[in-house]
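Below: one structure, written as structure tokens.
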There are 2 protein chains.
Amino acid sequence: MLTDRQQEIVDTSLEIISSIGIQGLTIKNLAKRIGISEPAIYRHYENKISILLTILDYFKSSGEQMFRKQIKSEDRPLRRIECIFEGHFDAFERNPSLVSVIFSEEIFRNEPVLQAKIAEIMDRNFNAIKALVVEGQAKGEINPNFDSKYLTIIIIGSLRMMVKRWQMVDKSFNNRDEVKNLFSTIRKLIENNNS
Amino acid sequence: MLTDRQQEIVDTSLEIISSIGIQGLTIKNLAKRIGISEPAIYRHYENKISILLTILDYFKSSGEQMFRKQIKSEDRPLRRIECIFEGHFDAFERNPSLVSVIFSEEIFRNEPVLQAKIAEIMDRNFNAIKALVVEGQAKGEINPNFDSKYLTIIIIGSLRMMVKRWQMVDKSFNNRDEVKNLFSTIRKLIENNNS
DNA sequence: ACAAAGTTAGTTAATATTAACAAACAAACA
DNA sequence: TGTTTGTTTGTTAATATTAACTAACTTTGT
């Protein structure tokens, strides 16, 4: 569990990342924004890496929660994938900084601990979606003539691309509709329509 | 045009980016690798940003070349998209550092000039692919019941995701086959099969 | 002889982190 | 009850390291 200050540090970090990018997340900026001195940060976190690890953990567990909810759900696989789509999207909308975090692998490249965590999160997400695709194919909802691996790459890649575009150009347009449209396109593409 | 030294600086930069990431591209590393002193670098480039701009320009023009080739080509649109897929992939294989560059938007976020260039490149690529999709739909080769914008997001997103996975996990596996399989999946999905 | 390309030896600004100490409060105890 | 002791959370000042970049001088090639 996090203390109030620890939570504040994490929240403020996400704010900073959101507004000026991960590069701007320095202890100095962090301390200034919170209104305490730099060394005070170290009363609550051993070092900067452990702050970042906490952020990634938060990210990981919020994703896990979403997947768990979908596993229990009685919906059909395609609908569950759609929920994950929307769920991720809601998360991004509520907390735009997560977008920066998700695309920050390159920055963590010199920190093995962080890179490992990122790889772990990506891998788990991939497998969760893939499991749903496989299930959808088994139940005849998704076209079984395609390798589930490639369908998963297409699904996740599309979502990421959408988010990236949103971050780079669109900026606060009709994002919810965009996601709906994108997913409905994907759905029609991969659905099993042997009528 | 670039002098020999300038070219060497660019090449070595790409080598460094490739092996230890963009974060590792410092003037010190660059000079050491080339075998000259740090200030000598400044005899050939005004500053670090201009080196990075040159790299992005190289990236941009090599992409442009590829698109130009495809425009002249007599192939059908889907085949041309496939060529672009393979072309990009060849580029990545020949020069893995480009992968790092392409995913480095987050790092350039505090450098408006660089960020603008990245946005420009992404935008042009997007529109080039989209034009091919539209043409494919007009010629009845691609299913016209889908918004070309979303199909383009799916196509580019998949390619990027594939590359990302390649960078993160697969590492020197059967990459050429993977690209072939991925594209053939996409092709089957979006093809117009009203037979 | 002169311009291009290199060197050595610096500068400035940032960075994460540590050392040493202080105020506020709580717990323990006489 | 009042004093001692410890803990938490903060401070200021300093640290080591690294970044990009510069000034002034030397070498090299034509």
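None of the values given here were measured: they were computed from a predicted structure. Below, chain A is the first sequence line, B the second, and so on; all start at residue 1.
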Q.
What's B:Thr26 touching, base or sugar-phosphate or nothing? Going by heavy atoms closer than 4.0 Å.
A.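 Answer is sugar-phosphate: B:Thr26 comes under 4.0 Å of backbone atoms only.
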[atom1] of [X] versus [atom2] of [N]: gap in Å, rounded?
{"X": "A:Ile36", "N": "C:dA22", "atom1": "CD1", "atom2": "C1'", "value": "16 Å"}
{"X": "B:Leu30", "N": "D:dA19", "atom1": "CG", "atom2": "C1'", "value": "14 Å"}
{"X": "B:Ile34", "N": "C:dA5", "atom1": "CD1", "atom2": "P", "value": "14 Å"}
{"X": "B:Arg43", "N": "D:dC25", "atom1": "CZ", "atom2": "C1'", "value": "10 Å"}
{"X": "B:Ile41", "N": "D:dT22", "atom1": "CD1", "atom2": "P", "value": "14 Å"}
{"X": "A:Ile22", "N": "C:dA16", "atom1": "CD1", "atom2": "P", "value": "12 Å"}
{"X": "A:Tyr42", "N": "D:dT9", "atom1": "OH", "atom2": "C1'", "value": "16 Å"}
{"X": "A:Glu38", "N": "C:dT18", "atom1": "CD", "atom2": "P", "value": "13 Å"}

Q. Is there a donor-acceptor contact under 3.5 Å from the side chain of A:Thr54 to the main chain of A:Ser50?
A.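 Answer holds: yes.
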Q.
So does B:Ile17 get a backbone contact from the side chain of B:Gln23, meaning a donor-acceptor N/O pair under 3.5 Å?
A. no
**Q.** Where A:Leu114 and A:Leu56 come nearest, the two heavy atoms and their spacing
**A.**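 Answer, listing the atom of A:Leu114 first, then A:Leu56: O-CD1, 4.0 Å.
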(Q) Please compare A:Asn29 and B:His44 by the position of their nearest nucleotide in DNA chain C and report the one closer to 5'. (A) B:His44
Q: Please tell me which of A:Ile27 and B:Pro39 maps to the more 5' nucleotide of DNA chain C, matching each residue to the nucleotide holding its nearest heavy atom.
A: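 Here B:Pro39 is the residue nearer the 5' end.
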Q: If C:dA1 has a Watson-Crick or G-U wobble mate with both distances under 3.5 Å, name it; if not, just say none.
A: D:dT30
(Q) With a 3.5 Å limit on both atom pairs, tell me what D:dT3 is paired to, counting Watson-Crick and G-U wobble, or say none. (A)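 Checking every strand shown, D:dT3 finds its partner in C:dA28, with both distances under 3.5 Å.
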Q. Is a salt bridge present between B:Glu135 and B:Arg80, judged by a nitrogen-to-oxygen distance below 4.0 Å?
A.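 Salt bridge between B:Glu135 and B:Arg80, a charged N being under 4.0 Å from a carboxylate O: yes.
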